[in-house]
Protein chains: 4
Amino acid sequence: MENDSRDGAPPGRSERARTATLEAALALAAELPYPQVTIEAIAARAGVGKATIYRRWPHRGALMVDAVAHRNDRAATAGGAVPDTGDLAADLAVVLRSVVDELARPEWDALLRALCVEALVDTATRARVLDLVVAPQIALFAERFATARSAGRIDDAVGDTEAFELVVAPVFHRWQLRTGPLDHAYADAVARRACRAMAP
Amino acid sequence: MENDSRDGAPPGRSERARTATLEAALALAAELPYPQVTIEAIAARAGVGKATIYRRWPHRGALMVDAVAHRNDRAATAGGAVPDTGDLAADLAVVLRSVVDELARPEWDALLRALCVEALVDTATRARVLDLVVAPQIALFAERFATARSAGRIDDAVGDTEAFELVVAPVFHRWQLRTGPLDHAYADAVARRACRAMAP
Amino acid sequence: MENDSRDGAPPGRSERARTATLEAALALAAELPYPQVTIEAIAARAGVGKATIYRRWPHRGALMVDAVAHRNDRAATAGGAVPDTGDLAADLAVVLRSVVDELARPEWDALLRALCVEALVDTATRARVLDLVVAPQIALFAERFATARSAGRIDDAVGDTEAFELVVAPVFHRWQLRTGPLDHAYADAVARRACRAMAP
Amino acid sequence: MENDSRDGAPPGRSERARTATLEAALALAAELPYPQVTIEAIAARAGVGKATIYRRWPHRGALMVDAVAHRNDRAATAGGAVPDTGDLAADLAVVLRSVVDELARPEWDALLRALCVEALVDTATRARVLDLVVAPQIALFAERFATARSAGRIDDAVGDTEAFELVVAPVFHRWQLRTGPLDHAYADAVARRACRAMAP
DNA sequence: GGGTAAACGAGACGGTACGTCGAGTCTTGGT
DNA sequence: ACCAAGACTCGACGTACCGTCTCGTTTACCC
């Protein structure tokens with residue numbers, strides 16, 4: 001169960017090095033401005049040689065993606081699936097509120113910003129972010145969307161990704177550009193509006 | 001006589017150096033991966049001393065923001081105001097299509113990614129981006145929103161920023177994370193859904 | 001009386017600028033490591049524009065030579081001529097002792113080191129040092145040497161320069177390389193040995 | 001295996017980098033005005049990173065001293081010991097002539113001037129010059145002085161350093177300030193006079 | 001005594017080198 | 001056999017001066 005280097009790397013004696021590296025990356029991303037989260041600093045913090053890092057990841061971006069995925073493995077991210085009380089807007093509001101709360105925590109905020117930077121700078125990294133971080137998030141919503149769709153609350157023409165975007169994009173946008181306060185009120189408003197947008 | 005600096009800005013005697021720097025920054029951002037858009041490269045391309053750049057801008061981020069603002073000064077942003085045919089969804093669709101088209105142009109795509117990177121890395125830069133780039137965009141929509149609001153197509157509770165986010169955020173999200181194709185069809189769908197979301 | 005720029009420069013309104021520059025150069029040479037005695041620092045200290053300095057001197061070396069000459073104009077350097085008590089060795093010892101004392105004063109030490117650096121780095125400057133600083137020193141000894149020569153204490157084959165070198169070179173050498181203590185005892189020994197060396 | 005650094009010196013793994021740096025420094029000092037002998041130029045010429053130089057030497061001065069010492073290691077200094085024909089003046093004249101000849105070679109002249117500049121600018125460097133360059137020279141004379149002393153040609157009160165200075169200082173002085181021609185005739189005269197000066 | 005030209009202070013300009021830091025590669029020792 | 005440690009080359013960082021160049025602003029001289 002993932003005790004192996006992610007991409008079929010030689011069975012590598014030390015899972016330890018891998019874990020230490022990922023943890024160090026997470027820790028540094030949380031406590032330093034991102035440009036100071038250098039491979040050198042990560043290696044030092046992890047008590048690992050730089051070569052050991054380069055042997056496993058081609059660049060910092062790839063490492064950071066794995067670090068976030070690693071973190072998400074440990075804590076089933078945003079509390080698992082979307083609740084289903086029958087009231088779609090309310091259920092989405094609950095999730096968005098918790099998303100907003102997480103984004104308010106500096107570590108997670110910094111980590112996500114780091115991830116976005118890497119995704120913006122390199123296309124391949126962006127694809128990895130999509131697969132390992134965004135797609136799982138969409139999957140968490142998919143089930144609830146399916147229910148809502150069969151209850152006639154979501155237009156059949158609106159796919160899971162599209163629905164996800166209607167719900168999450170405004171929060172993402174406001175988080176990244178800080179066009180306004182990112183609070184529970186905003187989460188509620190977005191949930192409500194998104195429901196209307198998706199309605200048949 | 002061109003011996004004037006921007007807006008009574010402190011020092012800058014020669015506008016020439018300023019302009020050359022901004023143009024060089026734009027050109028390099030368009031043709032190189034962003035990490036290679038170094039101050040050194042910009043200075044060389046602009047035929048300007050590094051010190052001249054550092055005398056005007058504290059870091060690359062500030063310079064890039066000004067470069068984008070400079071570009072927007074020259075080309076009245078994305079074609080000026082939002083059209084008003086009376087059909088809000090159609091009008092927004094027109095704008096979103098042109099936004100999508102612009103984002104498909106590699107130079108603008110690269111430039112915007114650069115801007116986002118800087119905004120993600122430094123809070124002060126993010127604020128500048130908001131003021132100099134995002135706010136003007138919102139302003140372009142504001143008039144149309146006002147009309148729509150008085151025509152009863154937008155809920156009075158939805159402010160300009162909020163409305164802007166409902167319209168633009170999904171496109172922004174898809175552009176940044178490439179969760180799906182970013183084309184005219186998507187622009188139309190988003191415009192339509194956003195209108196419903198904003199309705200009273 | 002030297003109230004004019006040294007080399008027939010246009011009648012130059014301000015002797016003040018010239019003097020202030022030279023004094024600033026002397027002051028800085030006395031208080032800073034020589035590499036920090038920059039034209040920029042001298043200009044700032046003198047309250048003078050950099051261009052004003054470059055208008056008068058082609059490089060720092062030329063400026064420093066003039067500065068030393070300026071200083072020597074003010075204070076008839078090492079107390080004027082060599083005494084003549086009839087005892088050559090004793091007379092020379094008196095002078096060498098005062099030379100040693102001067103070299104022990106940090107300002108003069110630093111200034112001379114600066115001068116030597118410039119002379120070592122540029123041939124033209126070396127020539128100027130020779131003319132404006134060393135030759136006058138030799139001249140101070142010449143009269144005493146003449147007396148000694150007619151008293152049969154100096155071989156007629158030994159010219160003034162040669163005699164000067166026999167007397168001063170060991171002190172200069174020891175000052176520059178610190179091969180040993182540079183004190184009155186050494187001054188006396190050198191004076192005595194030099195007399196024997198010069199004898200017919 | 002050449003993997004050894006100088007004298008059990010702390011880090012330096014590759015002797016290659018060290019040697020290349022020293023040779024480059026010597027070459028550049030011989031062919032450029034000293035202010036152009038920059039660390040950057042040395043690194044480039046040596047095919048070595050600047051950091052590698054700074055890792056080994058704190059400033060250019062220290063590097064130049066080692067470079068000269070390195071050169072002297074390769075070519076047993078100025079032809080080895082002072083000859084001993086029984087005639088002290090003649091023996092010293094031979095040596096001084098070869099010193100004069102060496103100083104006439106532009107490379108050695110330039111190198112020595114560089115060394116003097118560094119010694120004049122920094123006290124610690126001066127001490128290193130003394131230890132690594134001057135002291136060995138004195139040692140070469142010491143043996144001959146000892147012989148001469150027991151032959152009653154040198155006053156017992158004149159130590160090796162003092163004797164060395166009497167012999168070499170005039171040449172050094174004339175070399176540095178060019179008070180007159182630096183040729184064999186001068187070498188002979190100085191040797192002769194120095195012998196008289198040292199006599200009991 | 002007012003008008004003009006020069007020299008001035010200030011300091012921005014295009015450059016070069018500084019000394020530092022990190023990237024990514026490679027070598028050495030230790031376990 | 002693999003790994004931490006860290007030296008290696010390379011290149012960008014941000015700073016400091018270089019020597020040149022505009023700028024207005026004083027003077028000092030000549031009408």
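Lettering of chains follows the sequences in order, A, B, ..., and the numbering in each one begins at 1.
What you find for C/Ile42 and C/Val37 is that their closest heavy atoms are CD1-CG1, 3.9 Å. In terms of heavy atoms, A/Asp66 sits closest to A/Trp57 at OD2-NE1, 2.9 Å. For A/Arg71 against A/Leu111, the heavy-atom pair with the smallest separation is CD-CD2, 3.8 Å.
Between the CG atom of D/Leu32 and the C1' atom of E/dA17 there is a distance of 14 Å, given to the nearest Å. To the nearest angstrom, C1' of F/dC10 lies 19 Å from CZ of D/Arg45. For the pair C/Ile53 CD1 and E/dG9 C1', the computed distance is 12 Å after rounding to whole Å. Distance CD1 (C/Ile42) to C1' (F/dG19): 14 Å, rounded to an integer number of Å. Look at CZ on A/Arg18: it is 18 Å from P on F/dC2, rounded to the nearest Å. One atom, CD of C/Glu15, and another, P of E/dC8, lie 11 Å apart when rounded to the nearest Å. Rounded to an integer number of Å, the gap from A/Trp57 CH2 to E/dA23 C1' is 17 Å. Taking atom CD of A/Gln36 as the reference point, atom C1' of E/dA23 lies 16 Å away to the nearest angstrom.
Here A/Asp131 pairs with nothing under the salt bridge (charged side-chain N to carboxylate O under 4.0 Å, His left out) rule; sequence neighbours left out. With sequence neighbours left out, the side-chain contact (heavy atoms from CB on, under 4.5 Å) criterion links B/Thr38 to B/Glu40, B/Ala41. In this structure, D/Arg126 has no salt bridge (charged side-chain N to carboxylate O under 4.0 Å, His left out) partners at least two apart in sequence or on a different chain. Residues forming a side-chain contact (heavy atoms from CB on, under 4.5 Å) with A/Pro58 (at least two apart in sequence, or on another chain): A/Ala62. The side-chain contact (heavy atoms from CB on, under 4.5 Å) search around C/Ala110 returns C/Arg113, not counting sequence neighbours. B/Gln176 is linked by a side chain to side chain donor-acceptor pair (under 3.5 Å) to A/Gln176, counting only residues two or more places apart in sequence or in another chain. By the side-chain contact (heavy atoms from CB on, under 4.5 Å) test, B/Ala67 pairs with B/Leu22, B/Ala25, B/Leu26, sequence neighbours left out.
Close to E/dC8, at under 4.0 Å from its OP1 or OP2, lies a side-chain N or O of C/Arg55. Phosphate contact (OP1/OP2 of E/dC13, side-chain N/O of B/Arg56, threshold under 4.0 Å): present. Note on C/Ser14: a side-chain N or O is less than 4.0 Å away from OP1 or OP2 of E/dC8. Between F/dA28 and C/Arg16, no contact under 4.0 Å exists linking OP1 or OP2 to a side-chain N or O. Between A/Thr52 and the phosphate of F/dC3, there is no side-chain N or O to OP1/OP2 separation shorter than 4.0 Å.
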Short N/O separations, protein against nucleotides 12-16 of chain F, under 3.5 angstrom:
{"unit_1": "F/dC13", "atom_1": "OP1", "unit_2": "B/Ile39", "atom_2": "N", "d": "3.0"}
{"unit_1": "F/dC13", "atom_1": "OP2", "unit_2": "B/Glu40", "atom_2": "N", "d": "2.9"}
{"unit_1": "F/dG14", "atom_1": "OP2", "unit_2": "B/Tyr54", "atom_2": "OH", "d": "2.2"}
{"unit_1": "F/dG14", "atom_1": "O5'", "unit_2": "B/Tyr54", "atom_2": "OH", "d": "3.3"}
{"unit_1": "F/dG14", "atom_1": "N7", "unit_2": "B/Lys50", "atom_2": "NZ", "d": "3.0"}
{"unit_1": "F/dG14", "atom_1": "O6", "unit_2": "B/Lys50", "atom_2": "NZ", "d": "2.7"}

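Within the structure, salt bridge (Lys or Arg N to Asp or Glu O under 4.0 Å) contacts touching residues 27-38 of chain A (residues at least two apart or in different chains) are A/Glu31-A/Arg45.
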Donor-acceptor pairs under 3.5 angstrom involving side-chain atoms of residues 118-125 of chain D: please list them, not counting sequence neighbours.
{"unit_1": "D/Glu118", "atom_1": "OE2", "unit_2": "D/Tyr34", "atom_2": "OH", "d": "2.4"}
{"unit_1": "D/Glu118", "atom_1": "OE2", "unit_2": "D/Arg60", "atom_2": "NE", "d": "3.0"}
{"unit_1": "D/Glu118", "atom_1": "OE2", "unit_2": "D/Arg60", "atom_2": "NH2", "d": "3.3"}
{"unit_1": "D/Asp122", "atom_1": "OD2", "unit_2": "D/Ala124", "atom_2": "N", "d": "3.3"}
{"unit_1": "D/Asp122", "atom_1": "OD2", "unit_2": "D/Thr125", "atom_2": "N", "d": "2.8"}
{"unit_1": "D/Asp122", "atom_1": "OD2", "unit_2": "D/Thr125", "atom_2": "OG1", "d": "2.8"}

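Taking the nucleotide of DNA chain F with the nearest heavy atom to each of A/Gly47 and D/Ala46, the more 5' of the two is matched to A/Gly47.
Five base pairs at each end of the helix from E/dG1-F/dC31 to E/dT31-F/dA1 define two local axes, and these are offset by 10° (rounded to 10°).
Within residues 116-127 of chain D, no residue has any heavy atom under 4.0 Å from DNA chain F.
Among the nucleotides E/dC13, E/dC8, F/dC8, the one closest to the side chain of C/Ala17 is E/dC8.
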